[in-house]
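Everything on this sheet refers to the single structure shown next.
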Amino acid sequence: MSVQIKRAGMRPRHTEVIGVACGQGATDPGCQDGPEVLRTLGFLRDLDEPHGTCVWRDIVRVAAQSNEDPIQQVGSIAQAVADRVASSLLRARFPLVIGGDHSCAVGTWSGAHSVLDPRERLGLLWIDAHMDSHTFGTSPSRALHGMPLACLLGHGDPRLTRIGGPEPKLLPANACLIGVRSFEWGEAALLKNLGVRIYFMDEIHRRGLAAVFAEAWELVTRETAACGISLDLDALDPEEEPGVGSPVAGGLRRDELAAALRPLHGDPRLRALEIVEYNPYADRDFVTARAIHDLCRSVIG
Ligand SMILES: [Mn+2]
């Protein structure tokens, strides 16, 4: 065991990558091929080195030529993802979920919640340009990748909110958003009523990402038994990272986000990481694929 690990008193992570080929939640389904591109080109191969091996499980996908209603499709994918995440955690592995559009988050965090004791809580850091907190009552596009955070908080279609049990998977006090700069009033009103802390880009510019991130991590780890990070790549600035589903100008820089994540390297409270909305068709020379690798490297290996 290396000196670094002994000093931190923490165990190395043994990562299991769970690819989710879902595009049904978005208007442009391009993100569904993200995990296959990353796996085939070996972008995450060295993640656990030198302490372990990074293993890809199968890629979760919907049956070909399915004519089901998108909610049904996203629901069955989410259920499959929840089962895999729970199985990884029960074997003391570190699930790294690679999307796919952000609707897969319903599965990831319902699965992470399902392995906790009934009185334990999950904490979640949601890094995103958007709020993803719509319901069908507020969403102009009705796209499901704009709804996963609302679903996890218990608001939305029961086929998505009841995966892994009828209770909300996340309490408002144990969640926060970082990097928001594009939203509609309906979803903002929901989060405001629930009291979810949102760090908008203007606060990040004013205080610096490191300070905001440390405060957010403190918030989600308080009174929770396990924590996770859901990273939508559109939180990053599209000038630097073009390969995302729904680019919005004025985002985070890759280096500052990698640096903000680094203090969580080996932190046993971080139990799972999810990176979504990689659109290989919009990427340029795999620059965004490399960003995924670099950001994972901040907390894994
Ligand atoms: Mn998102």
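Each ligand, and each atom within it, is numbered from 1 in the order the structure gives. Counting begins at 1 with the first residue of the sequence.
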Original post:
Relative to Phe43, does Arg39 satisfy both conditions: NZ or CZ under 6.0 angstrom from the six-membered ring centre, and within 45 degrees of the ring's axis?
Top reply: no

Original post:
Would you say the ring centroid of Tyr278 lies under 6.0 angstrom from that of Phe286?
Top reply: no

Original post:
Under 3.5 Å, side chain of Ser110 to main-chain N/O of Val106, donor-acceptor pair present?
Top reply: yes

Subject >> Atom nearest to the Mn ion (ligand 1) - Asp232, N, O or S atoms considered >> reply: OD2

**OP:** Please name the atom of His102, restricted to N, O or S, that is closest to the Mn ion (ligand 1).
**Re:** ND1

Subject >> Vertex the Mn ion (ligand 1), arms to Asp132 OD2 and Asp128 OD2, rounded to 10° >> reply: 80°

Original post:
Are Tyr281 and Asp33 close enough that a side-chain donor and a side-chain acceptor fall under 3.5 Å?
Top reply: yes

